[in-house]
> 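I have a structure I would like to understand better, so I am pasting it below and will then ask my questions one at a time.
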Amino acid sequence: MTEFIPHVINGEETESAGGARFATVDPWLRQPWAEAALGEAADAGRAAAAARLAFDEGPWPRMGHAERGALLQALADLIVANAGELAMADTTDMGKPITDALENDVPRAALNFRFFADHARLATADALPMDSGHHAYTRFEPAGVVAAIAPWNFPLMLETWKVAPALAWGNTVVLKPAEQSPASATMLARLALRAGIPPGVLNVVQGYGPTAGAALTSDPRVDRITFTGESATGRAIAASAAANLTPVSLELGGKGASLVFADADLRTAVDWSIRAIFSNAGQVCLAGSRLYVQRPVYNEFLERFRAAAEDLRIGDPKVPDTQVGPLASEEHYRKVRAHVESVEAQGGKIITGGLGDRGWVVRPTVVTDAPPDAPVSTEEIFGPVVVVHPFDTEEQAVTAANSTRYGLNAMVFTENLSRAHRVSAALRAGTVWVNCFFIRDLRAPFGGVGDSGIGREGGNFSREFFTEPKAVVMAIRNREGRG
Ligand code: NAI
Ligand code: MG
């Protein structure tokens with residue numbers, strides 16, 4: 001018995017026009033567990049047409065924020081009510097430990113809808129009194145049809161991070177989940193219909209990037225493209241969007257640096273640095289995959305970090321106490337394995353970790369002595385592999401952290417307040433965490449510098465991307481009726 005994961009287009013669950021399907025694989029069992037509709041350009045086109053119609057003629061963009069917000073809150077309630085099933089869908093599709101899915105991904109998915117519903121309802125706009133006797137104000141009109149292209153590392157959480165602000169600001173959406181993790185997106189679309197969100201407002205098209213995905217990003221009916229994934233894919237999407245001048249928001253790769261100063265609280269630094277690279281088996285754009293440790297505490301930090309890495313429980317992601325599961329797919333495992341196997345040839349040493357003894361598992365891996373320009377030190381591995389380098393001065397640490405084409409995030413561990421501010425200002429990154437990691441306020445900008453992306457989302461940044469900001473300028477006539 002194989003479960004079927006359909007497209008959801010205009011409120012209906014459908015097969016692909018050609019009837020083709022693809023298997024989605026459980027990476028722990030290394031077996032297909034379900035089949036999804038294999039979307040082609042024709043299916044992406046049907047979804048874009050449905051979203052277009054729901055935008056141009058449907059009630060959604062014309063509703064008040066309170067009414068739309070209530071429907072988004074109802075969807076959040078349904079996400080909470082179906083948390084177990086949603087979490088298990090992501091865990092089965094891509095091997096995320098079930099406890100992470102239940103404690104982080106699903107609550108955050110619900111919060112994404114609650115936050116953006118409130119944010120849109122409570123938003124204010126500018127009123128601009130002018131010396132000339134005019135009065136200007138801003139409005140934020142819905143942008144239209146949003147194509148949301150999502151990755152497989154946080155399927156539901158990142159899909160809702162895109163869908164929620166898009167819907168809250170009155171847009172309609174075509175969501176294309178990653179081919180490695182199709183299940184939770186279709187479940188989300190079903191829940192949206194149950195919540196009372198009209199058909200055509202949230203469409204899901206399943207399938208691969210170069211076919212279904214590329215058809216969407218080049219579709220002239222699409223008004224916004226929001227994408228999270230690999231930098232090379234971001235470039236391809238920006239190029240296809242250029243033909244229609246479609247605005248893009250791209251959250252791409254990273255090679256996050258953690259700077260551990262000698263004055264840091266080492267327990268804090270170890271705990272967060274472990275989470276930063278080994279949670280979700282390192283398949284995190286924000287991963288702290290480069291660790292820079294000041295020389296006086298280098299040996300002590302490394303010993304404690306290694307011990308903590310070895311304490312992590314590796315295993316079946318469906319078991320609640322598992323902390324590190326398999327990598328998400330065979331293709332991805334091969335990529336990470338190639339990095340691990342080449343560490344020594346690059347001049348690095350693996351002091352703990354390496355390939356697992358089962359399936360697509362890579363153990364929490366700590367690399368030292370790698371040259372700063374070796375691929376393991378510079379490339380996004382997207383696995384549980386961290387490269388540790390010593391440093392002497394604050395200036396050296398900042399220069400090393402910034403010597404990357406990426407710039408998504410960085411972490412600073414220090415108890416010195418001035419240093420914390422100074423270094424945070426000097427780091428070239430979209431987010432800097434001081435003595436913590438992964439904590440988010442959804443009002444704050446989120447995105448990256450350089451190869452880590454274009455644009456920011458979060459709070460008002462999401463509003464600016466998912467709307468057409470408009471200036472209205474009114475003449476105020478004088479008592480004689482002129483001006
Ligand atoms: P990818 O960037 O190719 O895939 C992400 C999404 O984009 C998927 O939904 C995919 O179907 C879609 N896509 C791919 N090509 C497309 C195209 N031409 N037009 C429209 N959509 C397209 O990432 P992939 O291949 O799954 O992973 C490769 C590497 O990318 C990983 O090893 C990792 O290094 C990085 N990555 C980074 C992520 C992040 O959060 N920054 C997330 C996923 C992957
Ligand atoms: Mg790809």
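Ligands are counted one by one from 1 in listed order, and the atoms in each one are counted from 1 as well. Sequential numbering from 1 along the given sequence is applied to the chain's residues. Owing to the predicted nature of the structure, the values given are computational and were not obtained by experimental measurement.
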> At a 4.0 Å threshold, what atoms of ligand 1 neighbour a non-hydrogen atom of Ile237?
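Per the distance check, 19 (N), 20 (C), 21 (N).
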> Using a strict 4.0 Å cut-off to heavy atoms of His332, name the atoms of ligand 1 that fall inside it.
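So the answer, numbered in order with elements, is 32 (O).
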> Of the backbone atoms (N, CA, C, O) and the side-chain heavy atoms from C-beta on, which set of Pro177 has a member under 4.0 Å from an atom of ligand 1: side chain, backbone, both, or neither?
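For Pro177, only backbone atoms sit under 4.0 Å from ligand 1.
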> Answer yes when Asp105 and Arg108 have at least one side-chain N-carboxylate O distance shorter than 4.0 Å, and no when they do not.
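Between Arg108 and Asp105 there is no salt bridge, as every charged N stays at least 4.0 Å from the carboxylate O atoms.
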> Heavy-atom distances under 4.0 Å decide this one: backbone, side chain, both or neither, for Gln283 against ligand 1?
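Gln283 to ligand 1: no contact under 4.0 Å from either part.
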> Give the atoms of ligand 1, by number and element, whose distance to some non-hydrogen atom of Glu179 is under 4.0 Å.
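Answer, ordered by atom number: 8 (C), 10 (C), 11 (O).
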> Going by distance alone, is a donor N or O of one side chain under 3.5 Å from an acceptor N or O of the other, for Ser342 and Gln346?
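Gln346 and Ser342 do have a side-chain donor-acceptor pair below 3.5 Å.
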> Which residue from Ala232, Ser452, Cys285, Pro182 reaches closest to atom 40 (O) of ligand 1 through any of its heavy atoms?
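Result: the heavy atom closest to atom 40 (O) of ligand 1 is in Cys285.
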> Would you say the side chains of Thr228 and Lys162 form a donor-acceptor pair under 3.5 Å?
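Present: a donor and an acceptor within the cut-off.
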> State the atoms of ligand 1, each with its element, that fall below the 4.0 Å cut-off from a heavy-atom position in Trp152.
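It comes down to these atoms of ligand 1: 24 (P), 26 (O), 27 (O).
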> Give a yes or no on whether Lys335 atom NZ has more than 12 heavy-atom contacts from other residues, nucleotides or ligands under 6.0 Å away.
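Atom NZ in Lys335 is crowded, with more than 12 foreign heavy atoms closer than 6.0 Å.
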> Any idea which atoms of ligand 1 are less than 4.0 Å away from a heavy-atom of Ile149?
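Under 4.0 Å from Ile149, ligand 1 has these atoms: 6 (C), 7 (O), 9 (O), 12 (C), 21 (N).
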> I need the atoms of ligand 1 closer than 4.0 Å to a non-hydrogen atom of Ala150, numbered in the order shown.
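It comes down to these atoms of ligand 1: 6 (C), 8 (C), 9 (O).
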> Write down the atom of Val324, the atom of Phe278, and the distance for their closest heavy-atom approach.
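Smallest interatomic distance, heavy atoms only, reads CG2-O, 4.0 Å.
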> Under 4.0 Å from a heavy atom of Gly209: which atoms of ligand 1 are those, numbered in the order shown and with their elements?
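Those of ligand 1 that fall under 4.0 Å from Gly209 are 10 (C), 11 (O), 12 (C), 13 (N), 14 (C), 15 (N), 16 (C), 17 (C), 19 (N), 20 (C), 21 (N), 22 (C).
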> Answer yes or no on whether Arg358 is positioned over the face of Trp28, meaning its NZ or CZ is under 6.0 Å from the six-membered ring centre and within 45° of the axis.
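Judged by the rule (NZ or CZ under 6.0 Å from the ring centre, within 45° of its axis), Arg358 counts as positioned above Trp28.
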> Return yes or no for this condition: an N or O of Lys176 is under 3.5 Å from an N or O of ligand 1.
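Yes, since at least one N or O of Lys176 sits under 3.5 Å from an N or O of ligand 1.
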> Where do Asp26 and Lys318 land on the salt bridge (Lys or Arg N to Asp or Glu O under 4.0 Å) test, with the steps shown first?
CA-CA 11 Å; Asp26 175 331; Lys318 297 185 197 86; 2.6 Å; yes
> Atoms of ligand 1 less than 4.0 Å from Gln180 heavy atoms?
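Those of ligand 1 that fall under 4.0 Å from Gln180 are 26 (O).
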> Is ligand 1 under 4.0 Å from a heavy atom in the side chain of Ala212, in the backbone, in both, or in neither?
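No part of Ala212 comes within reach of ligand 1.
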> Identify whether the distance between the nearest side-chain nitrogen and carboxylate oxygen of Glu464 and Arg456 falls below 4.0 Å.
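Judged by the 4.0 Å cut-off on N to carboxylate O distance, Glu464 and Arg456 do not form a salt bridge.
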> Under 4.0 Å, counting heavy atoms only: does Phe154 come that close to any atom of ligand 1?
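No.
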> Please compare Lys335, Glu159, Glu230, Gln206 and report which has the shortest non-hydrogen distance to atom 34 (O) of ligand 1.
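Looking at heavy atoms only, the winner is Lys335.
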> Classify the side-chain pair Ser16/Glu40 by whether it contains a donor and acceptor separated by less than 3.5 Å.
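Judged by distance alone, the side chains do not pair up.
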> Atom 2 (O) of ligand 1: which of Leu252, Thr217, Thr233 has the nearest heavy atom?
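Ranked by closest heavy atom to atom 2 (O) of ligand 1, first place is Thr233.
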> Should Arg224 and Glu468 be marked as a salt bridge (Lys or Arg N to Asp or Glu O under 4.0 Å) after you check the CA-CA gap, both sets of side-chain angles, and the distance that decides it?
CA-CA 10 Å; Arg224 292 288 184 279; Glu468 292 290 356; 3.0 Å; yes
